[in-house]
Amino acid sequence: MKAEIIAVGTELLLGQIVNTNAQYLSQELAAIGVDVYFQTVVGDNMARLESAVTAAQSRADIILFSGGLGPTQDDLTKDAIASVLGRELHIDRLSMDKIEGFFRDRGVEMTENNRRQALTIAGATPLKNETGLAVGNALVQEGKYYVILPGPPKELKPMFEQEAKPWILQHALGGSVKAIYSKMLKFAGIGESALETKLIDLIEGQSDPTIAPYAKEGEVTIRVSTKAASEAEALVKLNAAEVQIQQRLPEHLYASEDVPLEKVIVEWMGRLGLTVGAAESCTGGLVMEMLTSIPGSATIFKGGIVCYSNEIKKKLLNVPHDYLEGENCPGAVSPEVAQVLAEQVRMIMDSDFGLSVTGVAGPGYSEFKPAGLVYIAIAERGKETEIHELRLNGNRETIRIRSAKAILYRLWRRLVENEKE
């Protein structure tokens with residue numbers, strides 16, 4: 001079954017409120033095996049509402065509406081649907097009794113426009129509103145299923161759970177449910193395009209499970225999804241797909257759940273009793289922030305130094321003057337300085353690992369070096385220091401985030417390699 005969610009309200013278009021209802025409904029529909037293909041937002045305008053309903057009819061089996069059920073003249077959702085379907089509106093007596101009782105119990109005179117909240121489309125099943133006044137509706141016409149819900153989440157969620165979902169299961173799905181199950185695979189140290197190239201035959205040949213990549217700065221996520229009658233049945237297919245993907249990208253797949261790389265690192269180092277310190281220049285403490293945002297990081301993170309200026313690099317981290325200043329010096333943005341920073345911070349913190357980042361976040365040039373040129377280094381007790389040059393694209397914030405994720409990826413790789421030894 002294909003579904004479309006139509007959120008009604010000019011305030012959504014103006015950005016005055018966030019459309020959390022669409023997210024909630026999409027998740028709930030996926031759980032009962034209904035695919036949401038479209039989400040539409042439309043203002044409080046009769047003609048545009050009617051147009052949205054007509055468009056949804058051409059591409060969805062189930063159409064869910066949220067909002068526009070209140071007492072004012074711009075609450076037009078039921079009016080528009082009734083108009084398109086050629087049905088009348090009438091007052092639902094039970095809902096009207098509730099509304100009248102609400103005002104009577106509070107000793108407040110009910111204005112006439114509150115009667116609109118009890119409107120029901122002819123032939124529709126009223127959906128009780130346990131936490132508000134506006135009644136919902138559910139109806140079928142010409143093989144299309146319409147579910148009409150209030151806008152406030154505190155009203156929509158209980159109405160969907162208690163009224164709408166059982167109605168959909170009975171009328172649209174016939175009581176049989178194949179839920180959508182997903183597994184999130186997390187990757188680091190590789191971009192979305194490179195990852196897709198590695199998996200292109202699997203992506204192009206997919207049917208069940210489906211494979212969909214998503215990218216954010218410094219990490220890529222693949223969502224593997226399948227429909228199944230039970231979680232056990234789904235896991236058989238999801239795990240098989242994961243094995244295929246893992247075989248293609250063993251150096252980049254760091255988790256089989258939707259967690260950030262820093263969480264995996266903190267928990268892994270915590271189990272092994274390992275510690276880390278950091279020296280950061282262009283990232284300005286971002287690596288430290290990422291690590292310390294994870295509960296339990298106090299057991300693995302010893303401390304760090306933001307060495308933004310050359311003065312601090314020399315004074316606190318003992319970077320030689322000749323590395324930083326002089327006609328032929330390598331400069332602060334160099335592999336030599338990255339190595340000293342990592343080794344010195346490891347010794348100062350007396351940690352198992354020392355991390356360093358030094359580079360040009362931009363915009364423009366520094367030390368006659370371009371924005372995006374970054375050096376990262378990992379010093380480990382008893383081992384040779386590892387240094388990497390990065391050539392990153394993007395604005396200042398993007399370069400900082402990618403640099404921080406890059407050093408964390410290299411730390412994760414070091415942990416992987418150490419485990420193999």
Side-chain angles (χ1 to χ4, degrees), residues 1-5 22-40 56 58-62 173 177-265 388 390-394 398-399 401-406 408-410 412-413 416:
M1 299 289 282
K2 297 177 292 185
E4 178 162 348
I5 297 168
Q23 179 187 34
Y24 167 78
L25 291 172
S26 292
Q27 291 171 342
E28 290 296 315
L29 290 168
I32 58 174
V34 176
D35 300 305
V36 176
Y37 280 14
F38 296 93
Q39 292 183 6
T40 299
S58 69
R59 59 196 183 191
D61 306 302
I62 305 175
L173 303 180
V177 175
K178 273 200 169 186
I180 299 173
Y181 295 90
S182 298
K183 175 174 278 193
M184 307 298 278
L185 307 181
K186 299 298 293 284
F187 300 82
I190 188 170
E192 183 182 18
S193 58
L195 181 142
E196 185 180 77
T197 299
K198 293 276 190 180
L199 303 176
I200 191 64
D201 59 316
L202 297 179
I203 294 171
E204 289 182 344
Q206 65 181 315
S207 55
D208 183 27
T210 59
I211 301 169
Y214 304 89
K216 68 178 189 178
E217 298 300 349
E219 295 184 7
V220 183
T221 300
I222 284 182
R223 188 191 69 213
V224 185
S225 301
T226 187
K227 284 187 178 181
S230 68
E231 184 176 10
E233 178 187 325
L235 283 175
V236 171
K237 293 188 282 185
L238 295 176
N239 290 341
E242 180 183 353
V243 168
Q244 277 189 301
I245 293 169
Q246 198 275 338
Q247 289 172 344
R248 308 280 184 94
L249 298 153
E251 296 183 351
H252 301 284
L253 176 60
Y254 72 81
S256 299
E257 57 180 322
D258 193 10
V259 295
L261 181 58
E262 50 268 28
K263 178 177 173 65
V264 173
I265 289 171
H388 298 275
L390 309 176
R391 299 274 181 165
L392 304 173
N393 296 317
T398 297
I399 290 169
I401 293 171
R402 290 179 177 176
S403 299
K405 287 292 186 179
L408 291 176
Y409 167 67
R410 290 298 171 179
W412 175 76
R413 287 294 309 151
V416 172

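We're numbering straight along the sequence, starting at 1. Because the structure is a prediction, the values reported are computed rather than measured.
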Minimum heavy-atom separation for [X] and [Y], please, with both atom names.
X: V220; Y: G191; answer: CG2-C, 3.8 Å
X: G394; Y: I399; answer: O-CD1, 3.5 Å
X: A241; Y: V224; answer: CB-CG1, 3.8 Å
X: I222; Y: I245; answer: CG2-CD1, 4.4 Å
X: L408; Y: E262; answer: CD1-OE1, 3.9 Å
X: L390; Y: A406; answer: CD1-CB, 3.6 Å

Is the Lys NZ or Arg CZ of R59 less than 6.0 Å from the centre of F38's six-membered ring, within 45° of the axis?
-> yes

Identify, with sequence neighbours excluded, every residue that meets salt bridge (charged side-chain N to carboxylate O under 4.0 Å, His left out) alongside D61.
-> none

Counterpart residues, salt bridge (charged side-chain N to carboxylate O under 4.0 Å, His left out), relative to E196 (two or more places apart) | none

[atom1]/[X] to [atom2]/[Y] distance, rounded to the nearest 0.5 angstrom?
X: D258; Y: L185; atom1: CG; atom2: CG; answer: 10.5 Å
X: M1; Y: L173; atom1: CE; atom2: CG; answer: 6.0 Å
X: L238; Y: Y181; atom1: CG; atom2: OH; answer: 10.0 Å
X: I190; Y: T197; atom1: CD1; atom2: OG1; answer: 8.5 Å
X: Q244; Y: L249; atom1: CD; atom2: CG; answer: 12.0 Å
X: H388; Y: S403; atom1: NE2; atom2: OG; answer: 13.5 Å

Please list, chain by chain and in numerical order, all residues satisfying side chain to side chain donor-acceptor pair (under 3.5 Å) with [X], sequence neighbours excluded.
X: R410; value: none
X: T398; value: N395
X: R223; value: Y214, S225
X: Q39; value: S26

Write out all pairs satisfying salt bridge (Lys or Arg N to Asp or Glu O under 4.0 Å) with one or both partners inside residues 231-243, taking only residues at least two apart or from two chains.
-> K183-E242, D208-K237

For [X], side-chain contact (heavy atoms from CB on, under 4.5 Å) partners two or more places apart:
X: K227; result: D35, K178, I180
X: Q246; result: P250, L253
X: R248; result: L199, D201, L202
X: A3; result: L29, V34, V36, I62, L64

Sequence neighbours excluded - ring-ring contact (aromatic ring centres under 6.0 Å, His included) pairs with any residue from residues 222-264 | H252-Y409

Is the backbone N or O of A255 less than 3.5 Å from a side-chain atom of K186, with the two atoms forming a donor-acceptor pair by type?
-> no

